[in-house]
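Note that this is a predicted model, so its numbers are computed, not measured. Residue indices begin at 1 and follow the sequence shown.
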Amino acid sequence: NDPTSTDPNDDDFDPASINVGQVYDLALTKVLAENGPFAAGDTVTFRIYVHNQGTLDAAANTVEVTDYVPTDMTLVDSDWTGNTYTFPSLIAAGSMDSVDVDLRIDPSFMGSTITNNAEITADGGNDADSAPGDNALDGPDANDDSTVDGNNDSTTQDPNDDDFDPATVNVGQVYDLALTKVLAEN
């Protein structure tokens, strides 16, 4: 029973190694944090969730998200540096963290919807199914709010990414037309 024995007849001890698979895997979802209705000039709060789907923790100050602010909105949130936010705390395996971002709808906006995308742009690890920051030039994504691998949109640079997600805000418009009719003199 002595593991250090050199006796060739000692056969009651046999070491065995096992590999423990570890996975670094983060996903992002983005939602409206408040109900509308919203109008041009209003401030809208979005909530961005980072889900740690892996078995490894994401260290503090290594996970950065970027909000791709659309042209019809302006960032008005002092917690953000430019259009990025770095999570100051560890995101433990199997848990999630979130951050809100406030954007103002342009007062002269005349449309009915605005889609705003966000992405994990740095993660401090080697994500199993996403490449941070590779969707910056993509158009609006399908709004699936899914943390399942893949964003279900074949038009993005990597349709397997789950670190990129949109949220759409409906903007109510008021159209007020008036008609005045007068008798023309001849």
Side-chain angles (χ1 to χ4, degrees), residues 16-34 43-105 113-170:
S17 298
I18 61 168
N19 289 322
V20 178
Q22 298 286 355
V23 177
Y24 190 87
D25 187 10
L26 301 179
L28 178 143
T29 56
K30 183 174 189 174
V31 298
L32 284 171
E34 56 192 350
T43 297
V44 180
T45 302
F46 295 93
R47 183 159 296 135
I48 298 170
Y49 293 96
V50 174
H51 307 263
N52 187 338
Q53 299 173 306
T55 59
L56 298 170
D57 295 340
N61 298 306
T62 63
V63 178
E64 175 188 270
V65 295
T66 297
D67 191 281
Y68 299 120
V69 180
T71 57
D72 297 315
M73 300 186 98
T74 303
L75 180 70
V76 292
D77 196 316
S78 61
D79 292 334
W80 286 64
T81 302
N83 64 332
T84 63
Y85 177 85
T86 301
F87 284 86
S89 300
L90 172 136
I91 304 174
S95 71
M96 73 175 159
D97 201 350
S98 67
V99 62
D100 288 351
V101 59
D102 296 324
L103 303 177
R104 181 175 300 121
I105 301 169
T113 63
I114 302 173
T115 299
N116 177 234
N117 294 306
E119 180 178 20
I120 297 171
T121 48
D123 67 11
N126 185 14
D127 197 291
D129 58 15
S130 299
D134 71 336
N135 299 110
L137 301 176
D138 290 347
D141 192 5
N143 192 4
D144 61 6
D145 291 327
S146 174
T147 59
V148 176
D149 295 342
N151 59 15
N152 301 325
D153 186 348
S154 60
T155 65
T156 63
Q157 292 176 17
D158 184 353
N160 297 316
D161 279 357
D162 59 0
D163 67 346
F164 176 80
D165 200 43
T168 300
V169 59
N170 293 314

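The shortest distance between side-chain heavy atoms of M96 and T29 does not fall below 4.5 Å. Looking at heavy atoms from C-beta onward, L32 lies in side-chain contact with F46 at the 4.5 angstrom threshold. Proximity of D25 to D127: side-chain heavy atoms (C-beta onward) are separated by under 4.5 Å at one or more points. Counting only heavy atoms from C-beta outward, the side chains of I114 and I105 approach each other to under 4.5 Å. Residues Y49 and V31 form a side-chain contact, since some pair of their non-hydrogen atoms from C-beta on lies under 4.5 Å apart.
With values rounded to the nearest 0.5 angstrom, D129 atom CG is found 8.0 Å from D163 atom CG. The distance from the CG atom of D165 to the CG atom of N117 is 8.0 Å, given to the nearest 0.5 Å. Atom CG of D57 and atom CD1 of I91 lie 10.0 Å apart (nearest 0.5 Å).
Between the side chains of T168 and T115, a donor-acceptor pair is found at a separation under 3.5 Å. If you check the side chains of T66 and E119, you find no donor sitting under 3.5 Å from an acceptor. Using a 3.5 Å distance cut-off with no hydrogens or angles, the side chains of S95 and N52 do not pair a donor with an acceptor.
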Is there a side-chain contact (heavy atoms from CB on, under 4.5 Å) between D79 and V99? Walk through the geometry before answering.
CA-CA 9 Å; D79 292 334; V99 62; 5.8 Å; no
Between D67 and I48, does a side-chain contact (heavy atoms from CB on, under 4.5 Å) hold up when you go through it step by step?
CA-CA 9 Å; D67 191 281; I48 298 170; 4.0 Å; yes
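Between L103 and the choices V69, T43, V76, the side chain to side chain contact (heavy atoms under 4.5 Å, CB included) rule is met once, by V69. Remark: of the listed residues T121, I120, V50, T81, T121 is the sole one forming a side chain to side chain contact (heavy atoms under 4.5 Å, CB included) with E64.
Without hydrogens or angle criteria, D77 side chain to D102 main chain gives a donor-acceptor distance under 3.5 Å. Remark: side-chain polar atoms of W80 are paired, donor with acceptor, to backbone N or O of D100 under 3.5 angstrom. Looking at E34, its side chain does come within 3.5 Å of a backbone N or O of T45 through a donor-acceptor pair.
Between F87 and Y85, the ring-plane angle classifies as perpendicular under the 30° and 60° cut-offs.
Here the shortest heavy-atom pairing between Y24 and A58 reads OH-CB, 3.5 Å. Here the closest non-hydrogen pair linking N61 and P88 is OD1-CA, 3.5 Å.
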